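Structure first, commentary second.
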There are 2 protein chains.
Amino acid sequence: MCGKGESEECCPVKDILARFGDKWSIYTILMLGKQEKLRFNELKAQITGVSQRMLTVTLRSLEEDGLVSRAVYPEIPPRVEYSLTPLGKSLLLQLLALADWAKLNINQILEARERYSKKTQPIS
Amino acid sequence: MCGKGESEECCPVKDILARFGDKWSIYTILMLGKQEKLRFNELKAQITGVSQRMLTVTLRSLEEDGLVSRAVYPEIPPRVEYSLTPLGKSLLLQLLALADWAKLNINQILEARERYSKKTQPIS
DNA sequence: TAACTAGGTTACTTTTAGTAACTCAAAATT
DNA sequence: AATTTTGAGTTACTAAAAGTAACCTAGTTA
């Protein structure tokens, strides 16, 4: 990708992968790809296992990168709608391909894990 | 992807993305995609910033999932060669597409970050 | 005899993620 | 009139993961 000793800025792939290199970003984009708009608690319900705090942190980071837009309606109780930006939608296409790969190959991966555990733990 | 309350096993996409949801896995596969075989220290030199421990941990995890194979030559000093398995190579294709997207859109993302920092930190 | 080598492991520190309780202000319920 | 509910978060705290640095192994070379 890049040479040695370069800064993050120089290396787009690494910089961007570092952003997705967390537990929730990719999954959040996939979920936002399924519906035009989603409110905070709708997202939270669909992304099984995410905590309120981590969803907030993830959405802020995606918003900062221009992948997700955040619309706040000044009501009480508050209403906030999240949606993918055009940039987010273009990334979604790549992530959908990745998701398809995952569905297609999950069995091979599970089998590999099985083999690995037998190889390293031969219960004597 | 899946409904609520399901276990990890039921949801291939989430399970697999959870594996790549770390700082080094994707980047390691991309590096192994550039050369048929790479030794531990060659990889370490190419993946800027990775520590010895994290490279070991990452490679073990990729090996466990059947994406990377590890060939140990019983010499002194030891020689260990890592390469992508056929499964790893099929994933590489998806990750290369993702890397291309990153190169193509890095500027838009950097501009978005710029806008975001100005919006949230208007130095009064 | 000491230093070097490649590919790790171990012990320890720092960063990040996860949990649970709390906030805000109006509207609805008791 | 006082209490509860509501959605979208914070805050403080704990657990887990990543980063750092020192150590190990056993043949070869200086």
Side-chain angles (χ1 to χ4, degrees), chain A residues 4-5 7-8 14-15 17-28 31-32 35 37-65 68-83 116 119-121, chain B residues 4-5 7-8 14-15 17-28 31-32 35 37-65 68-83 116 119-121:
Chain A
K4 300 172 188 177
S7 65
E8 293 293 313
K14 202 163 161 198
D15 180 13
L17 293 182
R19 280 296 175 128
F20 304 150
D22 68 76
K23 207 169 164 183
W24 304 111
S25 292
I26 293 178
Y27 206 71
T28 300
M31 284 307 168
L32 281 170
Q35 271 128 85
K37 288 170 185 301
L38 279 172
R39 298 178 64 175
F40 185 86
N41 280 335
E42 291 172 334
L43 265 172
K44 187 163 168 300
Q46 296 194 22
I47 304 172
T48 322
V50 75
S51 68
Q52 210 151 7
R53 196 178 72 88
M54 287 316 296
L55 184 54
T56 303
V57 168
T58 302
L59 287 168
R60 288 291 185 284
S61 158
L62 295 174
E63 192 196 354
E64 182 180 356
D65 281 5
V68 160
S69 68
R70 178 169 179 269
V72 185
Y73 299 88
E75 305 168 358
I76 299 280
R79 181 160 60 100
V80 179
E81 287 178 349
Y82 291 93
S83 55
Y116 189 88
K119 198 175 64 180
T120 53
Q121 308 237 341
Chain B
K4 301 172 187 176
S7 63
E8 293 293 314
K14 202 163 159 199
D15 180 12
L17 292 183
R19 278 298 173 127
F20 303 151
D22 68 76
K23 206 169 165 183
W24 304 110
S25 292
I26 294 178
Y27 206 70
T28 301
M31 285 307 168
L32 281 169
Q35 271 129 83
K37 289 170 185 302
L38 279 171
R39 299 179 63 174
F40 185 87
N41 279 334
E42 290 173 334
L43 266 172
K44 188 164 169 299
Q46 296 194 22
I47 303 171
T48 322
V50 75
S51 67
Q52 208 153 6
R53 196 179 74 86
M54 286 316 297
L55 184 54
T56 303
V57 168
T58 301
L59 286 168
R60 287 293 184 283
S61 158
L62 294 174
E63 192 196 356
E64 181 179 357
D65 281 6
V68 160
S69 68
R70 179 168 180 271
V72 185
Y73 298 87
E75 306 168 356
I76 300 283
R79 180 160 62 101
V80 180
E81 286 179 350
Y82 291 93
S83 56
Y116 188 89
K119 198 177 63 181
T120 53
Q121 308 235 341

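This one's a predicted model, so the numbers in the text were calculated from it and none came from an experiment. Chain naming here is simple, since letters A, B, ... match the order of the sequence lines and numbering starts at 1 in each. These numbers come from the heavy atoms of this one structure, side chains and all, not from hydrogens, waters or symmetry mates.
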Handout entry: Any donor-acceptor N/O pair, B/Ser61 side chain to B/Val57 backbone, under 3.5 Å
Key = no
Handout entry: N/O (side chain, B/Arg60) to phosphate O (OP1/OP2, C/dG8) under 4.0 Å
Key = yes
Which atoms of nucleotides 10-13 of chain C (N or O only) lie under 3.5 Å from a protein N or O atom, and what are those distances?
none

Problem - Distance in Å, B/Leu32 CG paired with B/Ile47 CD1, rounded so as to fall on 0.5 Å steps - result: 7.0 Å
Handout entry: Spacing of A/Ile26 atom CD1 and B/Ile26 atom CD1 [to the nearest 0.5 Å]
Key = 5.0 Å
Handout entry: Rounded distance (Å) that lies between atom C1' of C/dT9 and atom CG of B/Leu59
Key = 15 Å
Problem - Phosphate-side-chain proximity, B/Tyr82 and C/dA6, N/O vs OP1/OP2 below 4.0 Å - result: no
Fill in the blank from the handout: One should read off an interatomic distance between B/Leu38 CG and B/Thr28 OG1, to the nearest 0.5 angstrom, of 10.5 Å
Problem - For atom CD of B/Gln52 and atom P of C/dT9, their distance in whole Å - result: 10 Å
Completion exercise
Taken to the nearest 0.5 Å, the spacing of B/Leu59 CG from B/Lys44 NZ works out to 12.5 Å
Handout entry: Rounded distance (Å) that lies between atom C1' of C/dA6 and atom CZ of B/Arg39
Key = 7 Å
Problem - Closest-nucleotide 5' rank along DNA chain C - winner of A/Ser51 and A/Ile76 - result: A/Ser51
Handout entry: Nearest-0.5 Å distance that lies between atom OH in B/Tyr116 and atom CZ in A/Arg60
Key = 6.0 Å
Practice task
Just do the side chain to side chain contact (heavy atoms under 4.5 Å, CB included) check on A/Glu81 and A/Tyr73 with the steps written out, would you?
Solution key: CA-CA 8 Å; A/Glu81 287 178 349; A/Tyr73 299 88; 3.3 Å; yes
Fill in the blank from the handout: First and last nt of DNA chain D near chain A, cut-off under 4.0 Å to heavy atoms, 5' to 3', are D/dT6 to D/dA12
Handout entry: Interatomic distance where CG belongs to B/Leu55 and P belongs to C/dT9 [whole Å]
Key = 11 Å
Practice task
Please state whether the phosphate of C/dA17, meaning OP1 or OP2, lies under 4.0 angstrom from any side-chain nitrogen or oxygen of A/Trp24.
Solution key: no
Handout entry: Interatomic distance, A/Met54 CE vs C/dT19 P [rounded to whole Å]
Key = 11 Å
Exercise for the section: Indicate, with a heavy-atom threshold strictly under 4.0 Å, whether B/Tyr73 touches base, sugar-phosphate, or nothing. Expected result: nothing
Practice task
Looking at every strand, decide which applies to B/Lys23 at a 4.0 Å heavy-atom threshold: base, sugar-phosphate, or nothing.
Solution key: sugar-phosphate
Handout entry: Reported CD-to-CD distance for the pair A/Glu42 and A/Gln35, which is rounded to 0.5 angstrom
Key = 7.0 Å
Practice task
For B/Lys14 and A/Thr48, indicate whether the former's side chain and the latter's backbone hold a donor-acceptor pair under 3.5 Å.
Solution key: yes
